[in-house]
Protein chains: 2
Amino acid sequence: METKFRCNCPFTSALDILGDKWMLVIVKQMLMENKQTFKDFTESDEGIATNILTTKLKQLEAFGIITKTKLPNNNKSNIYLLTEKGLAMTPIIVELGIWSDNHLRDFNPTIVNEGGIELLRRDKAEFTRVIEQQYREKLATTMNIING
Amino acid sequence: METKFRCNCPFTSALDILGDKWMLVIVKQMLMENKQTFKDFTESDEGIATNILTTKLKQLEAFGIITKTKLPNNNKSNIYLLTEKGLAMTPIIVELGIWSDNHLRDFNPTIVNEGGIELLRRDKAEFTRVIEQQYREKLATTMNIING
DNA sequence: AATTTTACTTGCATAATACAAGTAATAAAA
DNA sequence: TTTTATTACTTGTATTATGCAAGTAAAATT
(Lines give C-alpha, C1' and ligand atoms only; values in the text may rest on other atoms or scores of the structure.)
Protein backbone atom coordinates (compact mmCIF):
# COMPACT_ATOMS: atom_id res chain seq x y z
CA MET A 1 0.00 0.00 0.00
CA GLU A 2 1.57 3.15 -1.21
CA THR A 3 0.83 6.58 0.27
CA LYS A 4 1.73 9.65 -1.69
CA PHE A 5 2.70 12.55 0.53
CA ARG A 6 2.11 16.04 -0.80
CA CYS A 7 5.32 17.50 0.58
CA ASN A 8 7.80 17.39 3.47
CA CYS A 9 5.66 19.36 5.91
CA PRO A 10 4.87 17.38 9.09
CA PHE A 11 1.43 18.99 9.52
CA THR A 12 0.37 18.19 5.95
CA SER A 13 1.85 14.69 6.14
CA ALA A 14 -0.40 13.83 9.08
CA LEU A 15 -3.35 14.95 6.97
CA ASP A 16 -2.20 12.87 4.02
CA ILE A 17 -3.10 9.89 6.19
CA LEU A 18 -5.75 11.22 8.52
CA GLY A 19 -7.42 13.90 6.40
CA ASP A 20 -10.37 11.95 5.12
CA LYS A 21 -13.85 11.23 6.28
CA TRP A 22 -13.29 8.17 8.44
CA MET A 23 -9.77 7.53 9.71
CA LEU A 24 -9.97 9.70 12.84
CA VAL A 25 -13.63 8.78 13.42
CA ILE A 26 -12.72 5.11 13.63
CA VAL A 27 -9.87 5.83 16.04
CA LYS A 28 -12.28 7.91 18.16
CA GLN A 29 -14.79 5.06 18.19
CA MET A 30 -12.13 2.66 19.45
CA LEU A 31 -10.68 5.09 21.99
CA MET A 32 -13.85 6.57 23.46
CA GLU A 33 -16.66 4.16 22.60
CA ASN A 34 -14.77 0.90 22.99
CA LYS A 35 -15.61 -0.41 19.56
CA GLN A 36 -13.44 -3.45 18.86
CA THR A 37 -15.09 -5.57 16.15
CA PHE A 38 -16.25 -5.02 12.60
CA LYS A 39 -19.84 -5.42 13.80
CA ASP A 40 -19.26 -2.83 16.59
CA PHE A 41 -18.14 -0.24 14.03
CA THR A 42 -21.05 -0.91 11.69
CA GLU A 43 -23.42 -0.29 14.61
CA SER A 44 -21.96 3.12 15.50
CA ASP A 45 -24.09 6.24 15.22
CA GLU A 46 -22.02 7.46 12.29
CA GLY A 47 -23.21 4.64 9.99
CA ILE A 48 -20.12 3.76 7.95
CA ALA A 49 -20.54 1.64 4.82
CA THR A 50 -19.09 -1.86 5.16
CA ASN A 51 -16.90 -1.65 2.06
CA ILE A 52 -15.40 1.61 3.36
CA LEU A 53 -14.90 0.15 6.85
CA THR A 54 -13.01 -2.78 5.39
CA THR A 55 -10.72 -0.45 3.47
CA LYS A 56 -10.10 1.93 6.37
CA LEU A 57 -9.34 -0.85 8.85
CA LYS A 58 -6.78 -2.25 6.42
CA GLN A 59 -5.20 1.19 6.06
CA LEU A 60 -5.09 1.79 9.82
CA GLU A 61 -3.41 -1.59 10.24
CA ALA A 62 -0.94 -0.91 7.44
CA PHE A 63 0.08 2.35 9.12
CA GLY A 64 0.57 0.55 12.44
CA ILE A 65 -2.22 2.51 14.11
CA ILE A 66 -4.29 -0.55 15.01
CA THR A 67 -3.74 -4.29 15.26
CA LYS A 68 -6.06 -7.07 14.19
CA THR A 69 -6.30 -10.26 16.25
CA LYS A 70 -8.81 -12.85 17.41
CA LEU A 71 -10.01 -14.15 20.74
CA PRO A 72 -9.10 -17.75 21.67
CA ASN A 73 -11.78 -20.23 20.55
CA ASN A 74 -13.28 -17.64 18.25
CA ASN A 75 -12.12 -17.81 14.68
CA LYS A 76 -14.85 -15.59 13.38
CA SER A 77 -14.74 -12.13 14.90
CA ASN A 78 -11.67 -9.94 14.45
CA ILE A 79 -10.63 -7.82 17.41
CA TYR A 80 -9.18 -4.43 16.47
CA LEU A 81 -6.99 -2.69 19.06
CA LEU A 82 -5.17 0.64 19.09
CA THR A 83 -1.39 0.54 19.16
CA GLU A 84 0.75 3.13 20.98
CA LYS A 85 0.84 5.00 17.68
CA GLY A 86 -2.94 4.98 17.63
CA LEU A 87 -3.23 6.01 21.27
CA ALA A 88 -0.89 8.90 20.46
CA MET A 89 -3.73 10.41 18.44
CA THR A 90 -5.68 11.10 21.61
CA PRO A 91 -4.56 14.75 21.82
CA ILE A 92 -5.59 15.35 18.18
CA ILE A 93 -9.08 14.00 18.82
CA VAL A 94 -9.39 15.88 22.11
CA GLU A 95 -8.50 19.18 20.40
CA LEU A 96 -11.09 18.49 17.69
CA GLY A 97 -13.70 18.00 20.41
CA ILE A 98 -12.74 21.23 22.17
CA TRP A 99 -12.91 23.19 18.92
CA SER A 100 -16.27 21.68 18.10
CA ASP A 101 -17.68 22.39 21.59
CA ASN A 102 -16.60 26.02 21.36
CA HIS A 103 -17.27 26.76 17.70
CA LEU A 104 -19.66 24.33 16.05
CA ARG A 105 -22.84 24.49 18.09
CA ASP A 106 -24.20 27.16 15.73
CA PHE A 107 -23.91 24.76 12.83
CA ASN A 108 -24.80 21.57 14.65
CA PRO A 109 -27.15 22.37 17.56
CA THR A 110 -27.52 18.63 18.29
CA ILE A 111 -23.97 18.38 19.69
CA VAL A 112 -24.30 16.84 23.14
CA ASN A 113 -23.45 18.45 26.47
CA GLU A 114 -22.62 15.22 28.21
CA GLY A 115 -20.18 12.34 27.96
CA GLY A 116 -17.37 14.08 29.79
CA ILE A 117 -17.76 17.49 28.14
CA GLU A 118 -17.57 19.24 31.50
CA LEU A 119 -14.21 17.66 32.25
CA LEU A 120 -13.07 18.41 28.69
CA ARG A 121 -13.88 22.09 29.26
CA ARG A 122 -12.41 22.21 32.77
CA ASP A 123 -9.22 20.23 32.33
CA LYS A 124 -8.17 19.06 28.87
CA ALA A 125 -5.03 17.33 30.15
CA GLU A 126 -7.00 15.38 32.75
CA PHE A 127 -9.66 14.48 30.18
CA THR A 128 -6.92 13.16 27.88
CA ARG A 129 -5.35 11.19 30.72
CA VAL A 130 -8.65 9.66 31.79
CA ILE A 131 -9.56 8.64 28.23
CA GLU A 132 -6.19 6.99 27.68
CA GLN A 133 -6.25 5.27 31.07
CA GLN A 134 -9.73 3.88 30.49
CA TYR A 135 -8.69 2.58 27.10
CA ARG A 136 -5.53 0.99 28.51
CA GLU A 137 -7.53 -0.77 31.22
CA LYS A 138 -9.92 -2.27 28.69
CA LEU A 139 -6.97 -3.12 26.45
CA ALA A 140 -5.29 -4.99 29.31
CA THR A 141 -8.49 -6.94 29.95
CA THR A 142 -8.77 -7.86 26.29
CA MET A 143 -5.10 -8.81 26.06
CA ASN A 144 -5.51 -11.08 29.11
CA ILE A 145 -8.39 -12.84 27.39
CA ILE A 146 -6.44 -13.17 24.15
CA ASN A 147 -3.36 -14.55 25.87
CA GLY A 148 -5.25 -16.92 28.19
CA MET B 1 -24.57 25.84 1.98
CA GLU B 2 -25.87 22.91 3.93
CA THR B 3 -23.67 20.63 6.01
CA LYS B 4 -24.96 17.26 7.02
CA PHE B 5 -23.61 16.12 10.37
CA ARG B 6 -23.30 12.39 10.96
CA CYS B 7 -24.44 12.51 14.58
CA ASN B 8 -24.39 14.57 17.79
CA CYS B 9 -20.82 13.70 18.76
CA PRO B 10 -18.57 16.77 19.06
CA PHE B 11 -15.46 14.93 17.87
CA THR B 12 -17.18 13.60 14.76
CA SER B 13 -18.88 16.94 14.08
CA ALA B 14 -15.50 18.67 13.84
CA LEU B 15 -14.50 16.05 11.26
CA ASP B 16 -17.71 16.56 9.31
CA ILE B 17 -16.27 19.96 8.44
CA LEU B 18 -12.52 19.45 8.67
CA GLY B 19 -12.17 15.79 7.70
CA ASP B 20 -11.21 16.16 4.09
CA LYS B 21 -8.07 16.63 2.13
CA TRP B 22 -7.72 20.41 2.15
CA MET B 23 -9.58 22.32 4.88
CA LEU B 24 -6.95 22.02 7.62
CA VAL B 25 -4.10 22.32 5.12
CA ILE B 26 -5.38 25.71 3.98
CA VAL B 27 -5.73 26.90 7.58
CA LYS B 28 -2.14 25.69 8.25
CA GLN B 29 -0.90 27.59 5.21
CA MET B 30 -2.53 30.80 6.47
CA LEU B 31 -1.41 30.31 10.07
CA MET B 32 2.17 29.14 9.58
CA GLU B 33 3.18 30.15 6.07
CA ASN B 34 1.39 33.50 5.89
CA LYS B 35 -0.52 32.70 2.74
CA GLN B 36 -3.20 35.38 2.24
CA THR B 37 -4.18 35.48 -1.45
CA PHE B 38 -5.55 32.99 -3.95
CA LYS B 39 -2.24 33.17 -5.78
CA ASP B 40 -0.30 32.51 -2.56
CA PHE B 41 -2.25 29.29 -2.01
CA THR B 42 -1.80 28.07 -5.57
CA GLU B 43 1.95 28.49 -5.13
CA SER B 44 2.17 26.37 -1.97
CA ASP B 45 4.17 23.16 -1.95
CA GLU B 46 0.99 21.12 -1.68
CA GLY B 47 -0.21 22.11 -5.17
CA ILE B 48 -3.97 22.48 -4.76
CA ALA B 49 -6.14 22.60 -7.87
CA THR B 50 -7.69 26.03 -8.46
CA ASN B 51 -11.29 24.78 -8.68
CA ILE B 52 -10.85 22.99 -5.36
CA LEU B 53 -9.23 26.06 -3.78
CA THR B 54 -12.18 28.20 -4.84
CA THR B 55 -14.62 25.75 -3.28
CA LYS B 56 -12.68 25.31 -0.04
CA LEU B 57 -12.18 29.06 0.50
CA LYS B 58 -15.93 29.56 0.08
CA GLN B 59 -16.62 26.81 2.62
CA LEU B 60 -14.12 28.20 5.14
CA GLU B 61 -15.75 31.60 4.79
CA ALA B 62 -19.23 30.14 5.14
CA PHE B 63 -18.21 28.46 8.40
CA GLY B 64 -16.77 31.72 9.71
CA ILE B 65 -13.25 30.33 9.82
CA ILE B 66 -11.78 32.92 7.45
CA THR B 67 -12.79 36.29 6.06
CA LYS B 68 -12.35 37.64 2.56
CA THR B 69 -11.51 41.29 1.98
CA LYS B 70 -9.46 43.53 -0.27
CA LEU B 71 -6.70 46.07 0.21
CA PRO B 72 -7.52 49.74 -0.47
CA ASN B 73 -6.78 50.74 -4.06
CA ASN B 74 -6.63 47.08 -5.10
CA ASN B 75 -9.84 45.65 -6.48
CA LYS B 76 -8.20 42.60 -7.88
CA SER B 77 -6.61 40.44 -5.22
CA ASN B 78 -8.69 39.01 -2.40
CA ILE B 79 -7.09 38.90 1.05
CA TYR B 80 -8.06 35.90 3.17
CA LEU B 81 -7.60 36.16 6.94
CA LEU B 82 -8.24 33.76 9.80
CA THR B 83 -10.98 34.67 12.26
CA GLU B 84 -10.80 33.83 15.98
CA LYS B 85 -12.63 30.64 15.09
CA GLY B 86 -9.90 29.83 12.59
CA LEU B 87 -7.11 30.72 14.99
CA ALA B 88 -8.74 28.39 17.51
CA MET B 89 -7.68 25.51 15.25
CA THR B 90 -4.05 26.11 16.11
CA PRO B 91 -3.96 23.38 18.79
CA ILE B 92 -5.46 20.84 16.35
CA ILE B 93 -2.78 21.57 13.77
CA VAL B 94 -0.03 21.59 16.38
CA GLU B 95 -1.10 18.14 17.64
CA LEU B 96 -1.12 16.82 14.06
CA GLY B 97 2.45 18.04 13.67
CA ILE B 98 3.58 16.41 16.90
CA TRP B 99 1.98 13.11 15.93
CA SER B 100 3.59 13.28 12.50
CA ASP B 101 7.02 14.12 13.93
CA ASN B 102 6.86 11.17 16.32
CA HIS B 103 5.10 8.60 14.18
CA LEU B 104 5.27 9.30 10.46
CA ARG B 105 8.92 9.53 9.63
CA ASP B 106 8.93 5.81 8.73
CA PHE B 107 6.32 6.44 6.05
CA ASN B 108 7.51 9.86 4.93
CA PRO B 109 11.28 10.13 5.46
CA THR B 110 11.25 13.56 3.75
CA ILE B 111 9.53 15.22 6.74
CA VAL B 112 11.70 18.16 7.70
CA ASN B 113 13.59 18.65 10.97
CA GLU B 114 13.46 22.40 10.86
CA GLY B 115 10.91 25.21 10.88
CA GLY B 116 10.40 25.24 14.63
CA ILE B 117 10.33 21.45 15.14
CA GLU B 118 12.74 21.72 18.07
CA LEU B 119 10.47 24.13 19.89
CA LEU B 120 7.47 21.96 18.97
CA ARG B 121 9.20 18.99 20.62
CA ARG B 122 10.45 20.93 23.64
CA ASP B 123 7.43 23.07 24.49
CA LYS B 124 4.15 22.53 22.62
CA ALA B 125 2.35 25.28 24.54
CA GLU B 126 5.08 27.81 23.76
CA PHE B 127 5.14 26.73 20.10
CA THR B 128 1.38 27.26 19.92
CA ARG B 129 1.67 30.67 21.58
CA VAL B 130 4.46 31.79 19.26
CA ILE B 131 2.60 30.68 16.14
CA GLU B 132 -0.56 32.50 17.20
CA GLN B 133 1.34 35.63 18.23
CA GLN B 134 3.19 35.76 14.93
CA TYR B 135 -0.05 35.39 13.03
CA ARG B 136 -1.76 38.09 15.11
CA GLU B 137 1.10 40.50 14.47
CA LYS B 138 0.88 40.03 10.71
CA LEU B 139 -2.89 40.22 10.93
CA ALA B 140 -2.64 43.57 12.73
CA THR B 141 -0.30 44.86 10.03
CA THR B 142 -2.68 43.76 7.29
CA MET B 143 -5.70 45.21 9.09
CA ASN B 144 -3.91 48.55 9.45
CA ILE B 145 -3.28 48.59 5.71
CA ILE B 146 -6.88 47.65 4.96
CA ASN B 147 -8.30 50.30 7.28
CA GLY B 148 -5.90 53.09 6.20
C1' DA C 1 -27.67 -30.91 9.23
C1' DA C 2 -29.81 -26.52 9.02
C1' DT C 3 -29.83 -21.83 10.29
C1' DT C 4 -27.81 -17.65 11.88
C1' DT C 5 -24.11 -14.52 12.34
C1' DT C 6 -20.00 -12.06 11.03
C1' DA C 7 -16.85 -10.18 7.84
C1' DC C 8 -16.42 -9.02 4.06
C1' DT C 9 -17.00 -8.55 -1.67
C1' DT C 10 -19.26 -6.96 -5.70
C1' DG C 11 -21.61 -3.98 -9.00
C1' DC C 12 -23.14 0.30 -9.56
C1' DA C 13 -24.05 5.20 -8.26
C1' DT C 14 -22.75 9.64 -6.20
C1' DA C 15 -19.51 12.99 -4.37
C1' DA C 16 -14.89 14.84 -3.86
C1' DT C 17 -10.80 15.79 -6.02
C1' DA C 18 -7.71 16.73 -10.02
C1' DC C 19 -6.14 18.29 -14.68
C1' DA C 20 -5.82 21.54 -18.20
C1' DA C 21 -7.61 24.98 -20.81
C1' DG C 22 -10.29 29.03 -21.02
C1' DT C 23 -12.57 33.56 -19.41
C1' DA C 24 -13.36 38.10 -17.36
C1' DA C 25 -12.00 41.77 -14.55
C1' DT C 26 -8.27 44.51 -13.01
C1' DA C 27 -3.66 46.39 -13.00
C1' DA C 28 0.49 47.50 -15.33
C1' DA C 29 3.12 48.69 -19.26
C1' DA C 30 3.73 50.72 -23.64
C1' DT D 1 -5.58 55.20 -24.77
C1' DT D 2 -4.38 50.75 -26.14
C1' DT D 3 -2.10 46.56 -25.32
C1' DT D 4 -0.32 43.16 -22.36
C1' DA D 5 0.05 40.78 -18.10
C1' DT D 6 -1.89 39.21 -13.86
C1' DT D 7 -5.32 37.36 -10.77
C1' DA D 8 -9.30 34.87 -9.65
C1' DC D 9 -11.82 32.09 -10.97
C1' DT D 10 -15.01 28.69 -14.40
C1' DT D 11 -15.64 24.82 -17.38
C1' DG D 12 -15.38 20.19 -19.25
C1' DT D 13 -13.66 15.97 -18.31
C1' DA D 14 -11.24 12.30 -15.75
C1' DT D 15 -9.92 9.91 -11.52
C1' DT D 16 -10.49 8.67 -6.78
C1' DA D 17 -13.16 8.34 -2.49
C1' DT D 18 -17.35 7.23 -0.58
C1' DG D 19 -21.96 5.03 -0.38
C1' DC D 20 -25.93 1.72 -1.33
C1' DA D 21 -27.73 -2.68 -1.49
C1' DA D 22 -27.36 -7.23 -2.42
C1' DG D 23 -24.64 -11.25 -2.24
C1' DT D 24 -20.98 -14.66 -0.50
C1' DA D 25 -18.15 -17.64 2.46
C1' DA D 26 -16.60 -19.12 6.78
C1' DA D 27 -17.61 -19.91 11.47
C1' DA D 28 -20.72 -20.39 15.24
C1' DT D 29 -25.13 -21.66 17.00
C1' DT D 30 -29.26 -24.23 17.15
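Since we're looking at a predicted model, the values are computed, not measured.
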- Does a donor on one side chain and an acceptor on the other come within less than 3.5 Å for B/T141 and B/N144? no
- Task: Using atom NZ of A/K56 as one end and atom C1' of D/dG19 as the other, report the distance to the nearest whole Å.
- Result: 13 Å
- Note on the structure: note: B/D16, atom CG; D/dG19, atom P; distance rounded to Å ~ 10 Å
- For A/K70, answer base if it contacts any base atom (sugar-phosphate contacts may also be present), sugar-phosphate if it contacts only those atoms, and nothing otherwise; contact means non-hydrogen atoms under 4.0 Å. nothing
- When all nucleic acid strands are considered with a 4.0 Å heavy-atom cut-off, which category describes A/Y80: base, sugar-phosphate, or nothing? sugar-phosphate
- Task: Rounded off to whole Å, could you give me the CG-to-P distance for the A/N51 and D/dA17 pair?
- Result: 13 Å
- How would you label the contact of A/T37 with the nucleic acid (heavy atoms, under 4.0 Å): base, sugar-phosphate, or nothing? sugar-phosphate
- Item | Shared hydrophobic cluster for B/V112 and B/M32 (ILVMFWY, side-chain gaps under 4.5 Å) | no
- What is the 5' to 3' range of DNA chain C, first to last nucleotide, that sits under 4.0 Å from any heavy atom of chain B? C/dT17 to C/dA27
- Task: Classify the angle between the aromatic ring planes of B/F63 and A/F107 as parallel (below 30°), tilted (30 to 60°) or perpendicular (above 60°).
- Result: perpendicular
Report all interatomic pairs (protein N or O, nucleotide N or O of nucleotides 1-6 of chain D) with separations under 3.5 Å.
{"unit_1": "D/dT6", "atom_1": "O2", "unit_2": "B/K76", "atom_2": "NZ", "d": "2.6"}

- Message: What is the separation between atom CG on B/L53 and atom P on D/dT10, rounded to the nearest whole Å?
- Response: 11 Å
- Message: When you measure from the centre of the six-membered ring of B/W99, is the NZ or CZ of B/R105 closer than 6.0 Å and no more than 45° off the axis?
- Response: no
- Item | Spacing of B/N74 atom CG relative to D/dA8 atom P, expressed in whole Å | 9 Å
- Under 3.5 Å, is there a donor-acceptor pair between the A/K70 and A/N75 side chains? no
- Task: Can you tell me the distance, in whole Å, between the CH2 atom of A/W22 and the C1' atom of D/dT16?
- Result: 18 Å
- Message: With nearest nucleotide decided by heavy atoms, which residue, A/D20 or B/T54, maps closer to the 5′ end of DNA chain D?
- Response: B/T54
- Query: If only atom types and distance count, is the side chain of B/T83 paired as donor or acceptor with the main-chain N or O of B/I65 below 3.5 Å?
  - Reply: yes
- Look up atom CD1 in A/I66 and atom CG in A/L87, then write down how far apart they are to the nearest 0.5 Å. 12.5 Å
- Do B/N113 and B/R121 have a side chain donor and acceptor closer than 3.5 Å? yes
- Message: Using whole Å, what does the distance between atom C1' of nucleotide D/dA28 and atom CG of A/N78 come to?
- Response: 14 Å
- How close or far is atom P of D/dA17 from atom NZ of B/K21, stated in whole angstroms? 8 Å
- How is B/T50 classified with respect to the nucleic acid when contacts are heavy atoms under 4.0 Å: base, sugar-phosphate, or nothing? base
- Message: If I take atom CG from residue B/L53 and atom NZ from residue B/K39, how far apart are they, to the nearest 0.5 angstrom?
- Response: 12.5 Å
